[in-house]
Amino acid sequence: MKDTKNSEANFEVNVHHVTRVEGHGNIYVNVKKGIVEKCEWSIPEAPRFFEAMVVGREWSELHHITSRICGICSIGHTLASLKATEAAMGITISEQDLKLRKLALHAENLQSHILHVGFLALPDLCGVGSVIPLASSNPNEVKTVLALHRTANDMSNLVCGRTTHPQRLIPGGFSKIPSMKELANMRKKLQESIPKIQAVADLVKSLAAKLPDFKRETEFIGLTNPDEYALYDGQLGSTDTGTAPVKEYLSYTNEYIVPTSTAKWAKHARDSYMVGALARVNLNYDKLTPSAKKVAEMFGLKPVCHNPYMNTIAQLVEIVHSVDDSIRLINELESAGLQPQPDYHKPEIRIKAGSGVGAVEVPRGILFHDYTYNAKGVCTKANCVIPTNQNHGNIELDMKALVPTIVNKTPKEIELSLEMLVRAYDPCISCSTHCLNVHFV
Amino acid sequence: MKPKVAFFDFAGCEGDQLQVANLEEELLTLLGQVEVVSFREVMKEHSDDYDIAFIEGSCTRLQDEDRLKQIRKNAKIVVAIGSCATIGGINALKNYKNLDEVRKTVYGENAKLFDTYAARPIDAVIPVDAYVYGCPIDRTEFLQVVKSLLLGKKPDIPNYPVCVECKKNENICAFERGQFCVGPVTRAGCNSCCVNEGTVCWGCRGLVDNPNENSHKEVLIKYGLTVDDAIGKFKLYFGWQEAKR
Ligand code: SF4
Ligand code: SF4
Ligand code: SF4
């Protein structure tokens with residue numbers, strides 16, 4: 001690849017396995033005489049066939065198995081799975097358990113966003129290949145990011161019993177819950193993290209000019225809820241078509257197969273749509289906490305923002321929101337008086353046949369699990385729609401719109417812009433290929 | 001000179017690599033002792049010159065075997081990390097299905113483009129020098145294994161069942177609570193963490209080397225359970241190990 005600027009150039013950008021994303025994805029661009037001949041985003045990751053694997057398994061194991069779809073979103077997959085099982089069998093959970101589950105989701109959102117902003121996106125803004133050189137050039141900033149990451153992981157540990165692949169989250173509630181003292185201690189750590197987050201926001205702000213100013217109008221889809229910033233629950237929302245009940249998700253996701261990819265793609269009102277932090281901020285900006293809105297204002301992030309590179313900023317905004325809202329939830333648990341429960345708790349479940357859909361907002365966007373059970377509580381059919389699958393189409397169309405506008409830059413610069421674009425989506429490719437619709441009986 | 005290390009992933013969820021990232025401050029210390037030359041998840045640079053290769057995930061298609069063999073050629077020490085890589089893990093659940101059917105249902109007439117075969121651990125394809133068990137791995141155990149390897153020692157991994165740790169932790173046994181547990185045949189080393197958190201052992205660390213099936217059968221009989229109950233539960237993580245026995 002020649003590193004010259006030339007609008008008459010013939011060149012290829014061929015990024016095999018984009019780095020600093022989860023899983024494997026390839027970028028292929030071919031330019032002849034300054035004209036883009038081919039621009040492709042493909043997913044060669046080995047599929048794992050989860051939806052086939054869970055068929056024949058019992059209701060009490062589904063969340064354990066599907067958690068393994070993705071290590072980074074394992075809490076989200078567990079919660080979507082539990083919600084689907086609970087919807088199928090008509091199981092309800094207590095107010096207290098609901099609040100604890102919301103804390104679990106915040107913990108994962110925090111951990112994942114901090115990892116992405118601090119370790120995966122920041123190196124691009126600083127012009128280095130990874131966070132490792134930053135550890136010696138910017139030790140204080142790296143330590144701050146690590147401390148925030150630890151706080152988020154402490155919260156997962158406290159609520160879920162583990163940071164990855166939660167143990168305490170089970171159908172109908174929790175096998176074990178934290179004590180009020182532990183929660184109060186967590187609240188203190190969360191409060192102490194607020195100035196650290198501000199420091200990270202200031203750092204990103206000082207580098208924000210490096211975020212490409214690119215815009216392509218698209219549709220944003222996510223959960224939306226009149227009562228709160230929707231993460232755990234809500235209705236389906238679209239910036240194009242308004243709201244709909246979650247059980248109509250298939251008419252939103254419309255998955256289809258692309259021969260170059262082992263992952264499925266999706267489209268709704270347009271040729272593609274976007275899910276994730278930017279979609280949520282675009283749909284639910286009003287419900288953010290005041291200090292989260294302040295960070296949004298710092299970066300000029302206003303709904304509806306059509307610059308995908310701003311997804312990283314939207315994650316920063318959500319970090320603030322999740323900390324604020326976690327503190328609020330702990331306050332509420334405290335004022336209601338935390339109800340203790342016996343050790344090794346196993347909620348009473350009446351097994352019955354049925355189908356149910358669970359939708360949850362996970363770090364990378366809206367996630368659906370949809371299960372059917374027979375009268376013995378054995379799964380007969382499963383479908384999971386993963387955030388990154390819903391974004392693949394949007395990523396490729398963004399690339400197609402972006403490349404002609406930067407074709408005069410050097411191939412190296414073009415390659416970096418494209419890689420940064422993919423990374424802005426924070427794609428979780430391992431996850432997206434692990435779910436393919438397989439229907440067995 | 002610092003030993004060079006590289007991380008690779010095959011069919012897995014990247015949860016084990018996340019545990020490495022979760023080392024946080026300790027990771028910085030570790031970075032003083034080793035040089036990471038390849039870790040696609042967190043860095044852009046890549047080099048084929050490394051001493052220790054850490055591999056996450058199972059091998060699930062023929063085309064991935066070449067990549068594994070190349071890693072084996074490049075590395076002095078190959079370490080499998082996590083259940084998918086060490087024992088086949090949750091991926092082996094699919095081995096109980098008709099794989100052609102799976103593929104055809106997913107990809108229709110394009111089925112041939114997308115290759116798949118029975119999910120298997122890394123040592124079914126190339127020799128492996130050390131194992132870090134668990135789904136996900138325990139980050140402290142990972143550190144211990146790395147430290148022993150750096151000292152040229154064989155890592156000390158328990159070969160007794162989870163029950164031993166569980167009893168030490170004074171848990172109420174799952175069988176007493178009317179639940180099924182595979183702790184009696186599962187390799188310890190996790191400090192019976194799932195039982196401590198109020199559930200059961202699912203078997204993620206794999207079978208101990210010589211599982212005492214008689215004593216497990218006694219447990220089953222005592223609690224009025226059948227071998228079929230056990231087989232169902234064994235499928236979750238032991239698919240590859242059981243098929244080999
Ligand atoms: S062993 Fe578990 S944590 Fe590791 S890759 Fe496999 S599913 Fe993920
Ligand atoms: S059977 Fe399970 S719960 Fe009982 S002692 Fe063994 S590991 Fe613990
Ligand atoms: S208790 Fe069992 S399932 Fe849990 S981590 Fe230990 S070996 Fe794995």
Side-chain angles (χ1 to χ4, degrees), chain A residues 17 19-24 45-49 52-58 61 64-65 68-72 74 115 119-120 123 129-132 135 142-143 146 149-150 153 161-165 167-168 170 174-176 257 259 262 343-346 419 430-431 434 436-440, chain B residues 9-19 21-22 24-25 27-28 31 36 39-46 57-58 60-61 64 84 89-91 93-94 96-97 101-102 105-108 110 113-114 116 119 135-136 171-172 174 177-179 193-199 202 232 235-236:
Chain A
H17 296 174
T19 56
R20 301 209 318 271
V21 299
E22 278 154 62
H24 304 87
E45 183 97 358
R48 282 166 83 203
F49 304 101
M53 278 153 50
V54 296
V55 169
R57 304 302 307 186
E58 279 177 27
E61 301 172 336
H64 181 96
I65 299 171
R68 270 80 190 160
I69 292 171
C70 173
I72 316 268
S74 60
L115 187 79
F119 292 171
L120 310 179
S130 80
V131 72
I132 297 171
V142 170
K143 285 219 168 103
L146 284 174
H149 197 248
R150 176 75 347 232
N153 269 336
R162 190 152 67 182
T163 53
T164 308
H165 299 320
Q167 293 154 315
R168 296 178 177 181
I170 54 173
F174 283 79
S175 64
K176 189 174 173 179
I257 291 179
T262 48
D343 287 343
Y344 314 101
H345 183 54
K346 193 164 180 266
E419 282 192 272
S430 45
C431 175
H434 298 162
L436 297 148
N437 300 320
V438 187
H439 296 167
F440 281 112
Chain B
D9 49 6
F10 288 78
C13 79
E14 313 203 0
D16 301 304
Q17 295 178 72
L18 182 61
Q19 300 321 304
N22 281 348
E24 296 155 356
E25 294 273 340
L27 185 60
L28 292 185
L31 287 175
V36 182
F39 197 160
R40 192 194 43 76
E41 227 194 10
V42 294
M43 61 197 276
K44 199 174 156 98
E45 298 82 357
H46 166 79
S58 313
T60 58
R61 47 184 186 183
D64 287 340
C84 295
I90 209 101
N91 289 329
L93 262 183
K94 109 178 160 167
Y96 295 100
K97 311 274 172 185
E101 277 303 302
V102 172
T105 329
V106 178
Y107 299 112
N110 288 326
L113 289 175
F114 305 110
T116 191
C135 179
N171 280 311
I172 301 177
R177 295 180 262 130
Q179 284 182 266
C193 64
C194 298
V195 190
N196 307 352
E197 296 300 339
T199 60
W202 310 77
K235 279 185 180 171
L236 210 49

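Note on naming: letters A, B, ... go to the chains in the order of the sequence lines (proteins, then strands), and numbering restarts at 1 for each one. Any value given below was found using the heavy atoms of this structure, including those in side chains, with hydrogens, waters and symmetry copies removed.
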### Message
Which one wins on heavy-atom pair count under 4.5 Å against chain A: B/Asn22, B/Leu27, B/Leu28?
### Response
B/Asn22
### Query
So which part of B/Cys84 gets closer than 4.5 Å to some heavy atom of chain A, the side chain, the backbone, both or neither?
side chain
#### Entry: Residue pair B/Glu197 / A/Arg168: nearest heavy atoms and the distance that separates them
OE1-NE, 2.5 Å
### Query
For B/Ile90, is it the side chain, the backbone, both, or neither that has a heavy atom closer than 4.5 Å to a heavy atom of chain A?
both
### Minimal non-hydrogen separation, B/Cys13 against A/Arg68, with atom names
CB-O, 3.1 Å
### Message
Within this structure, what is the CD-CZ distance for the pair B/Gln19 and A/Arg162, rounded to the nearest 0.5 Å?
### Response
8.0 Å
### Engaged part of A/Glu61 at the chain B interface, taking heavy atoms whose separation is under 4.5 Å
both
### Summary
Max heavy-atom pairs within cutoff under 4.5 Å with chain A, candidates B/Leu31, B/Thr199, B/Asn91, B/Asp16, goes to B/Asn91
### Task
Using side chain to side chain contact (heavy atoms under 4.5 Å, CB included) as the criterion, point out the one residue from A/Ile72, A/Asn153, A/Thr163 that pairs with B/Leu18.
A/Ile72
### Message
Under a 4.5 Å cutoff for heavy-atom pairs, which residue among A/Thr164, A/Ile170, A/Val142, A/Val54 has the most contacts with chain B?
### Response
A/Thr164
### chain A interface, residue from B/Gly15, B/Gly178, B/Ser58, B/Pro136 that has the most non-hydrogen pairs under 4.5 Å
B/Pro136
## Note on the structure
Minimal heavy-atom distance between A/Ser175 and B/Gly198, with the atoms involved, is CB-O, 3.6 Å
### Query
When rounded to the nearest 0.5 angstrom, what distance separates SG in B/Cys135 from NE2 in A/His64?
6.0 Å
#### Entry: chain B contacts, top residue of A/Lys176, A/Arg150, A/Lys346 (heavy-atom pairs, under 4.5 Å)
A/Arg150
#### Entry: Proximity breakdown for B/Gln17 and chain A, heavy-atom pairs closer than 4.5 Å
neither
### Message
Using a 3.5 Å distance criterion without hydrogens, assess whether the side chain of B/Arg177 forms a donor-acceptor pair with backbone atoms of A/His345.
### Response
no
### Query
Contact part of B/Asn196 toward chain A, heavy-atom cut-off under 4.5 Å: side chain, backbone, both or neither?
backbone
### Message
Is any side-chain heavy atom of A/Asp343 closer than 4.5 Å to one of B/Ile172?
### Response
no
## Note on the structure
If one checks every heavy atom of B/Leu236 against chain A at 4.5 Å, the contacting part turns out to be both
